[in-house]
Amino acid sequence: MSAAHDHDPTVPRPVLIGVAALLLTILALTAAVSFGVLPKEGDPELSRAAANIAPAEQRELRFADREDGAVVVSDAATGETVKIIGFGEEGFTRATMRRLAKRRAHAGVGAEQPFTLIRWENGALSLRDPQTGAEAEIYGFGADHVAAFAEMLEGTKS
């Protein structure tokens, strides 16, 4: 037999034990967070509450689709147009709104009730649906996306 065939093709037992231990540790930690044994450190809402971060600015907004594919963003209190997002523009903004709208549709809630766009004291932005409790954290997706939503807080635009 040649030297090329002298090795054992199986994985060494200590390596298998190490991998199994790692997987069990990951599953245990995941279960501990899911069942509330360990805190959810990455939850922005809990982090803001723990740090006493309050809304610095907020605006109630409605989103409506136009026949030409544009989305009209309007101030819920005044009815004034805040922004028009043309067909094919601002994909992240449209996807965020669609995700929240889909949750509403699944819950049987219509588009009449406004969403709340919030700028927090720490500068973070959230789009919240008071009807379903769903929330989209905007600040973690880059400066361009944050600017697109922040623009909606700054006054009416056509």
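Hydrogens, waters and symmetry mates play no part in the numbers below; they use all other heavy atoms, side chains included.
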With a 4.5 Å cut-off on side-chain heavy atoms, are [Y] and [X] touching?
{"X": "M97", "Y": "D65", "value": "no"}
{"X": "F63", "Y": "L100", "value": "no"}
{"X": "R59", "Y": "V82", "value": "yes"}
{"X": "R98", "Y": "V71", "value": "yes"}

Could you tell me whether D68 atom CG has more than 12 heavy atoms of other residues or ligands within 6.0 Å of it?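 Yes - once you tally the heavy atoms of other residues, nucleotides and ligands closer than 6.0 Å, there are more than 12.
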Could you grab the distance from atom [atom1] of [X] to atom [atom2] of [Y], nearest 0.5 Å is fine?
{"X": "I85", "Y": "T93", "atom1": "CD1", "atom2": "OG1", "result": "5.0 Å"}
{"X": "D144", "Y": "F149", "atom1": "CG", "atom2": "CZ", "result": "13.0 Å"}
{"X": "E57", "Y": "L125", "atom1": "CD", "atom2": "CG", "result": "9.0 Å"}
{"X": "F115", "Y": "M152", "atom1": "CZ", "atom2": "CE", "result": "11.5 Å"}
{"X": "I138", "Y": "R119", "atom1": "CD1", "atom2": "CZ", "result": "12.0 Å"}

Connected via hydrophobic side-chain network under 4.5 Å: [X] and [Y]:
{"X": "L153", "Y": "W120", "result": "no"}
{"X": "V146", "Y": "V73", "result": "yes"}
{"X": "L127", "Y": "I53", "result": "no"}

side-chain hydrogen bond (donor to acceptor under 3.5 Å, both in side chains) partners of R94, counting only residues at least two apart: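 For R94 there are no side-chain hydrogen bond (donor to acceptor under 3.5 Å, both in side chains) partners, ignoring immediate neighbours.
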If the threshold is 4.0 Å, N to carboxylate O, is there a salt bridge linking E137 and R48?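 Result for this pair is yes, salt bridge flagged.
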Whether R103 and D129 form a salt bridge (side-chain N of Lys/Arg under 4.0 Å from carboxylate O of Asp/Glu) is what I want to check.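 Salt bridge absent between D129 and R103.
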Considering all heavy atoms, the nearest [X]-[Y] contact:
{"X": "P130", "Y": "P114", "answer": "CD-O, 3.6 Å"}
{"X": "A70", "Y": "G86", "answer": "CB-CA, 4.1 Å"}
{"X": "T132", "Y": "A107", "answer": "CG2-CB, 4.1 Å"}

Give a yes-or-no answer on whether the side chains of Q58 and T116 include a donor-acceptor pair shorter than 3.5 Å.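 There is no such pair between these side chains.
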What do the steps show when you test E89 against K83 for salt bridge (Lys or Arg N to Asp or Glu O under 4.0 Å), and what is the final call? CA-CA 12 Å; E89 297 175 355; K83 185 176 190 176; over 6 Å; no
For A54, is there any backbone N or O sitting under 3.5 Å from a side-chain donor or acceptor partner on E121?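 Yes; at least one donor-acceptor contact below 3.5 Å.
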